[in-house]
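All remarks here apply to the structure that follows.
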Amino acid sequence: MWRDDQNAVDRWVARAARDLARRTSRRSFLTRLGVLLVGGATLPLLPVARAEPRAQAAGEPDPNTPLGDPKDCEYWRYCAIDGFLSSCCGGTHNACPPGTEMSMTTWIGTCRNPTDGKDYVISYNDCCGKDLCGRCTCMRHEGDRPVYYATRSNDINWCMGKVGVIYNSTVAVVIGVASDT
Amino acid sequence: MWRDDQNAVDRWVARAARDLARRTSRRSFLTRLGVLLVGGATLPLLPVARAEPRAQAAGEPDPNTPLGDPKDCEYWRYCAIDGFLSSCCGGTHNACPPGTEMSMTTWIGTCRNPTDGKDYVISYNDCCGKDLCGRCTCMRHEGDRPVYYATRSNDINWCMGKVGVIYNSTVAVVIGVASDT
Amino acid sequence: MSRTHAGAVAAALAILAGSIAAPSLADLPSEAPGRSVTLPEPHPHWMFVGDLLLRRNALLDLDRGTFLGMVSTGFLSPAALFARAGGEFYLPETHYSRGSRGTRTDVVTIYRTRELAPVAEVEIPPKRAVNVLPVGNAAISDDDRFLAVFNMTPATSLSIVDLQQRRFVQEIATPGCSLVYSAGPRRFLMICSNGSLQSVRLDESGREAGVERTRSFFDPELDPVTEKAVRFGSRWLFVSFEGNVHPVETSGDALEFGEPWSLISPDDRADSWKVGGTQHLAIHQATGRLYSLMHQGGNDSHKDPGSEVWIYDLDSRERVQRIRLAHPGLSFMSETVEFGQTWAWPFRGIWPFALDHLVPNPGLNSLQVTQDDEPLLVTGSQIGGSVAVYDALTGELLRRVPTGGMTTHTLQAPWGGGEAQP
Amino acid sequence: MSRTHAGAVAAALAILAGSIAAPSLADLPSEAPGRSVTLPEPHPHWMFVGDLLLRRNALLDLDRGTFLGMVSTGFLSPAALFARAGGEFYLPETHYSRGSRGTRTDVVTIYRTRELAPVAEVEIPPKRAVNVLPVGNAAISDDDRFLAVFNMTPATSLSIVDLQQRRFVQEIATPGCSLVYSAGPRRFLMICSNGSLQSVRLDESGREAGVERTRSFFDPELDPVTEKAVRFGSRWLFVSFEGNVHPVETSGDALEFGEPWSLISPDDRADSWKVGGTQHLAIHQATGRLYSLMHQGGNDSHKDPGSEVWIYDLDSRERVQRIRLAHPGLSFMSETVEFGQTWAWPFRGIWPFALDHLVPNPGLNSLQVTQDDEPLLVTGSQIGGSVAVYDALTGELLRRVPTGGMTTHTLQAPWGGGEAQP
């Protein structure tokens, strides 16, 4: 079972890497549920994501001192995110909340860092194993495709395999600089 | 395990029978969750119980042709009920919804049948094994006591033992005529 | 009534005897606890309405507006599968031994419809694709014999269940192809990422008997078909983001692609009308009418809710009717007198306001049509627990029916028309 | 980071190499996926807030108003138990093998606090009392060695768990007595239906070493004490519906009942002030102040939400302060500019209305006090996901903190003051 998952992950990353696309979103169904949970269902006593465009948040020349607000949906790394921001759920922009496990099957996007003007390959990993966080819903989806085009589909719950299918939140991890080639 | 439950049920009924009380309610916590589910959480697109007093509903001389509305919280048998009415959830006033199991540990109340003016011993049995029905919340509780006074406590989930603890709805079953002695 | 129930009742009556008077003729007779309702034969106007948040599917009587019962589905199991015979239905489910953690177990639970109770379950590999698609995650062979469950780990495959023998048969690897649709007694279709279809044939024991790929018939990048395909007899209709219908005939040995046609005229396109929704297509088999949920929107709006239903004649391929959709929830105005009176603040005050001011339509995400001779069109909104019921032939709004739920997702009306819906 | 993660990352980077430029000095370095946050040492101003609908307890930082993490609790597991050492906490949980059906399994899950992750579990008899009490369903011996879980089937008993050896020890039948409170390293208290207390003593192995009943000290019919007792050092305070405090000294070998006293003066009683709520009592151990949630109501209002907190000095038994409670939710006014903008109808329109018109207080169901030298008073409303934070000494409202949840139930601030709260 695990070997199977591991192979799946490799196949997966391979497919994703061959299919870098910009500003594509995922799992909007979970986000919608999230909006229900966070907004509709508990209205009017609940917080909700800042989903309206803001002044462009700054990037970080030094990842240890990030500029911009990683709890803000407009933070540069989130250009293709869709879900609850881990940084509002007890985690950070690139680490999962305590007690959750990061999925290794991910959607990969490309976002421009406003500080150095470079495009970075961002991996959007889900944090799994605990129920919906419900905070900081962030939907920035374009180019969504049906489930059979999996690397581009936001109807898929990327909590898969070893980490289980229960979705909590999402991080945005810098994997490298996108080449122009 | 089952023998244990059976004994528990017998002890239970014995205690309940020795402690007939009028218009006592149970499990208001579930009802409150219910109100959240049915009212608050999904507002304003959901139905909610008719919990306001109405013209007194009639009783039934013939149980096969009940007068009064068993989907109405004011129906005479519900004088001590607290929960979702089975009759709004696919069941009837004295039978559980399809696929749910009736609990045998119950709270017992005494209600007056407006038709014949007699007091009847009513057993409020929970329907268990499926999640909250969420329809026709009916709270008519007085005389609630703490959990250690179990036969009078509405903080207890009466889905217990063999039928499991998952609560769906509640019925009101005529057990007999209450004696004046 | 089970013996244990009988026992407890006996105990109860015995012990209660002391405080219960001897029954006189006029008294109501004692009733037996322990009974649960059994449903009559399913009616074409019954509908299952899925709620992903409450993890349940509610069964409604659309004529009487009543709640007939429900099934708890577990985590993200949006659609049940229905035997054409009608006596059973099947739910692919995913459970964890400790709720949200522990050991994952995937099963196909077999329900007897009239009891709404599980009568058996077949364990399958814990690889079921977990998403919210109303169709395409599982399918039943046309003779009710085999059930195919789509797996994604993210490696894609099918798990085949023998419904007759109640056992798991085999997992069939299907790299590059996803989802599953029934096409005959021993054939399932899948959609591949290159825009082609794949036929998976089974032998009499349910084992793989051959896999064939078609040419690619659409561009998954430029104008992909949605997963929410609809079946018209032996034909499957796949509809693209841009509203192009791709018919696929499955009666022959090889699949035949019909001429694509468009649901959207140049004028409508100019007004930026688009197909879209969570469950945006349905067909009334007897009249050959296609119901499509429509909205006005831009690119990537293929999942936006609809404001109208457009009805097409599948023979002439002409639009024969437009229905502007009503709000699915205002039915509760009829209950406003009591509505919310007993709620805790703040909900008490919100409902009256909602009635006065919240007239805009939430947009409809889901649509379904019943298969009898007096068909009903039903629409639901993702947010809220109510569906609107229309006469599917005249488009007249008949009533609104509360679901008792928090969200409305998959709509299923499998009974009537002689066979269950795909 | 686990090896499997490392492996996957390696794979990812290798495969991605082709499309990733060689890093130059100015570039952001690649980051390692797979990391999860570990919490610092628990702070006295951290609080767990339970949500029964979402089946979770959220951990909040009351000073910074941040969300530190959460635990999924399963069906109706309102309160965790905290080791005084602070490194662990324990959740009695009930799970079914198929979600809402199948085999029931009850466990005590052992969490390491800084990871918020289960590190072990002890299976106990599937008899756990399933209710919403914030206290009384389980207790830890004062030396952190044994955990007692209250069972109700409806037969009552205790399940004893050895936390050191991580194993279930024994079930102790306790007919007529319910709930459980810690009173020393080897003694638990229970409340009996006749208004007395029962001491259950354990031996060093956790097995029953003796059970004694006290005289009945209250009338369960006329003026019962609530289950929400509070502990003040070695003394337990049981408070009745009518506001009478019954102190019980547990330091000696035998329990000693102190003189009852009243929280409600004749004048206040004339104004029909009553104690009440879901979690209506808390004590700040260092200052000996008792915090009581109060409301004006009639009979049977003992679970009505409160509008004020009355603070008493436990030495003088005088009320030293009254705090009129603020709304726990209006903190979100600070987010109104964005609030609901992205919601689907109808919620978009409701929030502005709520801000303008829904000023009345929802009533507070729960209350808690932190145990440090700068204690915080926290109040929560059953409906909604926000808590109000006050200076527990001055009563000044400091801030409101969102919980991310739908309902607010049990509040727990076990850290600080040198020991966990009862």
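None of these values were measured; they are calculated from a predicted model. Values reported hereafter were calculated over all heavy atoms of this structure, with side chains retained and with hydrogens, waters and symmetry mates removed.
Applying the salt bridge (Lys or Arg N to Asp or Glu O under 4.0 Å) rule to C/Arg112 yields no partners; only residues at least two apart in sequence or on another chain are considered. The side-chain hydrogen bond (donor to acceptor under 3.5 Å, both in side chains) test applied to B/Thr92 returns B/Asn94, not counting sequence neighbours. Partners of C/Thr94 by side chain to side chain contact (heavy atoms under 4.5 Å, CB included), not counting sequence neighbours, listed by chain and number: A/Val165, C/Tyr96, C/Arg104, C/Asp106, C/Arg128, C/Val130.
Judged by distance alone, with hydrogens and angles left aside, the side-chain atoms of B/Tyr124 form no donor-acceptor pair with the main-chain N or O of B/Gly83 at under 3.5 Å.
Of the listed residues (B/Gly99, B/Ser123, B/Cys88, B/Cys89), the greatest number of heavy-atom pairs within a distance under 4.5 Å of chain C belongs to B/Cys89.
Residues B/Thr106 and B/Asn125 bring no donor and acceptor atom of their side chains to less than 3.5 Å of each other. A donor-acceptor contact under 3.5 angstrom links the side chains of C/Glu93 and C/His95, judged on distance only.
Using a 4.5 Å heavy-atom cut-off against chain B, the contacting residues of residues 64-72 of chain C are C/Thr66, C/Phe67, C/Leu68, C/Gly69, C/Met70, C/Val71, C/Ser72.
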